[in-house]
Chemist: 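The structure is given below, and queries will be raised subsequently.
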2 protein chains.
Amino acid sequence: MEGLPTLRDVARKSGLAISTVSAVCRGKGAFYHISPKTQARVLRIAEAIGYRPNQLAVSLKTGVSRFVPVLGRTYRVPITQERQHNIAQLLTQQGFQVLLYDFHWFDRQEKNLLASVREIPFAGLIVSDLNEPRLHQELWPLWRKVPCILVDSGQPAGFDHVYLDRHQVAYQAARHLLQHGYQRIVYTIPEGRNYWLLNERRRGFIKAMKEFGKTVGQENFVWVNPKPGCSYQLGLEIGQKIIRNRPEAVMALNDQLAIGLIRAFSEKGLRVPEDIAVVGSENLPEGQFCQVHLTTVDFLAEKVATEVVNLFRKRLAGDWSDFPKKIVVSPQIVVRRSCGCLGQKTLEVADEKERKQ
Amino acid sequence: MEGLPTLRDVARKSGLAISTVSAVCRGKGAFYHISPKTQARVLRIAEAIGYRPNQLAVSLKTGVSRFVPVLGRTYRVPITQERQHNIAQLLTQQGFQVLLYDFHWFDRQEKNLLASVREIPFAGLIVSDLNEPRLHQELWPLWRKVPCILVDSGQPAGFDHVYLDRHQVAYQAARHLLQHGYQRIVYTIPEGRNYWLLNERRRGFIKAMKEFGKTVGQENFVWVNPKPGCSYQLGLEIGQKIIRNRPEAVMALNDQLAIGLIRAFSEKGLRVPEDIAVVGSENLPEGQFCQVHLTTVDFLAEKVATEVVNLFRKRLAGDWSDFPKKIVVSPQIVVRRSCGCLGQKTLEVADEKERKQ
DNA sequence: CTGAAAGCGCTTACAG
DNA sequence: CTGAAAGCGCTTACAG
């Protein structure tokens, strides 16, 4: 830190007062009627010695911070990485300083994380993937009328929340399968976990099944225990087990798991989608490039990120009129080959027919 | 930011002077002979009103910053994400505030990135994946006797540099193939790029080939154009093309590409490794779980991250005795099934035999 | 048009 | 043991 040029250095070099130089550097030269000649000289000197305002001092003085901690759970989870990346990019491009934290670094010590975050005055907070309601409480001491946007985080009371509609994820996938005549459908779902976004998936699945006159029981779920970075292999393992029960279609928790499933089925001589269909969710790039191109439900990370940052800026601008707000982003099914449909157009026609019957 | 409790609030509540409270909060109570009773009272009050020292003010006053910008190129590149994650975790756990930047956000406007970084006084800098020598120059104005550790970044003059040995990556992979009798080996290498780490790979490849009495020509390279997130499919495409020339073994630029290759070969009825061998590099989790478990060269992201952070802290502690230092981390071959070896032990025996001949 | 002065929240000698 | 004072680098009325 030592030796960075300061406003005083520029003032001394230019023979002007600090306040004059400050005004020019902030672009307020015209406002203070400082002559263009003087302004140009100041700017030239500042440039020459490499002066940049010290944001720490600026923040301290003005009480306005540009720091935005972005907390999430991204380790080896491509879809959350993608979203986090998009959020950070938007914030950075808009002049914020992004402090990135991963819950994975703290391992059940989220309090340490939050304590560390509290030491720097921030413009606001973005918190993703916080499913445990008890942790929502922890956020309160951090949060004093400064924007705090939760993302994909259960049902936080008294917080703005932007999330991707998991009910729709499951509903769209199941409906798509049912429309194509698949009857015995199973859904791979993490076991022993019970958070809201997951329940939403279950509910969406059940709703679609009911609409097609089917009941849902234990036999429609396959309990899995996903670990970061290993979804693909989990799909392989689960796929081998599932085969015994001969379902007609599988809804995978995510794309990597789906790709693993497809692999497992092929190895056992089953054809996808003729013998068994697979639908993923997330829409990662690899889904376009596996052996059977994956039909999946796009999580629209970029759209979610945009909504998050827009809401964040709205709050920062002082508009709390609709607080607390829920923004629900609807996912979008992407039809490729893994469930035997013929393309979106054809699908819609089939859909129409079905309704008329 | 408004309304955060300050030292003054604690002082007023406790009826003590600000400096006394400050001493206690910094754990310097004993040093100043402040009575335990007083200390306990101060701490209790601070806790009660949720006081935390404002790091911006602390930095400004002491001239010591805990901010560490970590720059890199991680978008949809699992291996750099892994390394970045490890570095950020170590730094955060050691009390630094990590500012994460991705070159991808700036798209040829790295100057904007650096300008933004310069506005906050930092403890030091970690810069990864900066292969263009012209950009090394840009770092100089940022860097005034504050640690700046480059990672996997070409051959920066006058900077500390920690990198994974790409020469070894290619050498180990090629040698492994040659030891198993594979003759016609091709290496998939990005085309139209010419940076040092890539050249190191070429050199390592050539060295191994020479050691086995083989010459290397254009026919030993397959030029590819990798895009983030699409390596898997690139492998599929390239695999289909490569088949025409019937090589016996392929060294893939990375694991995802390797997995794609294996897929492509299988689809054409070639058996891996009986008909054609594939070696990856990076050692991502998925390599353990693809159809043929991938033999690959581990990039040891965690080890690299540890070296980076250790060197960073050494510099921060004022020890510049060995500056500028190069730390070269050697990768490690991970033998699985995709090149037909029988396991590390057997391999080494084969190796010995070969040398004796 | 320009400059002197106060103060953001803290730490650090230094005086009592 | 405790407190008054200066100052980190900046911004912002306000006086000239």
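Numbered from 1 within each chain, the chains take letters A, B, ... in sequence-line order.
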Chemist: Could you work out, with ring-ring contact (aromatic ring centres under 6.0 Å, His included) as the rule, every residue matching B/His85, not counting sequence neighbours?
Modeler: A/Tyr75, A/His104, A/Trp105
Chemist: OP1 or OP2 of D/dG3 versus the side-chain N and O atoms of B/Thr20: is any pair under 4.0 Å?
Modeler: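 The answer is yes; a side-chain N or O of B/Thr20 sits under 4.0 Å from OP1 or OP2.
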Chemist: Can you name the residues that form a salt bridge (Lys or Arg N to Asp or Glu O under 4.0 Å) with A/Arg52, not counting sequence neighbours?
Modeler: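 A/Arg52 satisfies salt bridge (Lys or Arg N to Asp or Glu O under 4.0 Å) with B/Glu119 only.
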Chemist: Using the ring-ring contact (aromatic ring centres under 6.0 Å, His included) criterion, which residues pair with B/Tyr163? Sequence neighbours excluded.
Modeler: B/His161, B/Trp196
Chemist: Sequence neighbours left out, what passes salt bridge (Lys or Arg N to Asp or Glu O under 4.0 Å) with B/Asp152? Give chain and number order.
Modeler: B/Arg83, B/Arg166
Chemist: How close do B/Phe122 and B/Pro69 get, counting heavy atoms only, and between which atoms?
Modeler: CB-CD, 3.5 Å
Chemist: Over how many whole Å does the gap from A/Lys37 atom NZ to C/dC1 atom P extend?
Modeler: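 In whole Å, C/dC1 P and A/Lys37 NZ are 10 Å from each other.
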Chemist: What residue pairs, at least two apart or across chains, pass salt bridge (charged side-chain N to carboxylate O under 4.0 Å, His left out) with a residue in residues 35-46 of chain A?
Modeler: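 Sorted pair list comes back empty.
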Chemist: Using a 3.5 Å cut-off and no angle test, enumerate the donor-acceptor pairs between side-chain atoms of residues 23-35 of chain A and protein atoms at least two apart in sequence or in another chain.
Modeler:
{"unit_1": "A/Arg26", "atom_1": "NE", "unit_2": "A/Ser22", "atom_2": "O", "d": "3.2"}
{"unit_1": "A/Arg26", "atom_1": "NE", "unit_2": "A/Ser22", "atom_2": "OG", "d": "3.1"}
{"unit_1": "A/Arg26", "atom_1": "NH2", "unit_2": "A/Ser22", "atom_2": "OG", "d": "3.2"}
{"unit_1": "A/Ser35", "atom_1": "OG", "unit_2": "A/Thr38", "atom_2": "N", "d": "3.2"}
{"unit_1": "A/Ser35", "atom_1": "OG", "unit_2": "A/Thr38", "atom_2": "OG1", "d": "2.6"}

Chemist: In B/S/- notation, 5' to 3', how is nucleotides 7-16 of chain C contacted by protein heavy atoms closer than 4.0 Å?
Modeler: BBBBBB----
Chemist: May I have the list of side-chain donor-acceptor pairs in residues 302-311 of chain A shorter than 3.5 Å, sequence neighbours left out?
Modeler:
{"unit_1": "A/Thr306", "atom_1": "OG1", "unit_2": "A/Glu302", "atom_2": "O", "d": "2.8"}
{"unit_1": "A/Asn310", "atom_1": "ND2", "unit_2": "A/Thr306", "atom_2": "O", "d": "3.4"}

Chemist: Requiring both pairing distances under 3.5 angstrom, list the stems that contain DNA chain D and are made of three or more consecutive Watson-Crick or G-U pairs.
Modeler: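 As far as DNA chain D goes, consecutive pairing (with distances under 3.5 Å) yields the stems C:1-3 with D:14-16, C:5-12 with D:5-12, C:14-16 with D:1-3.
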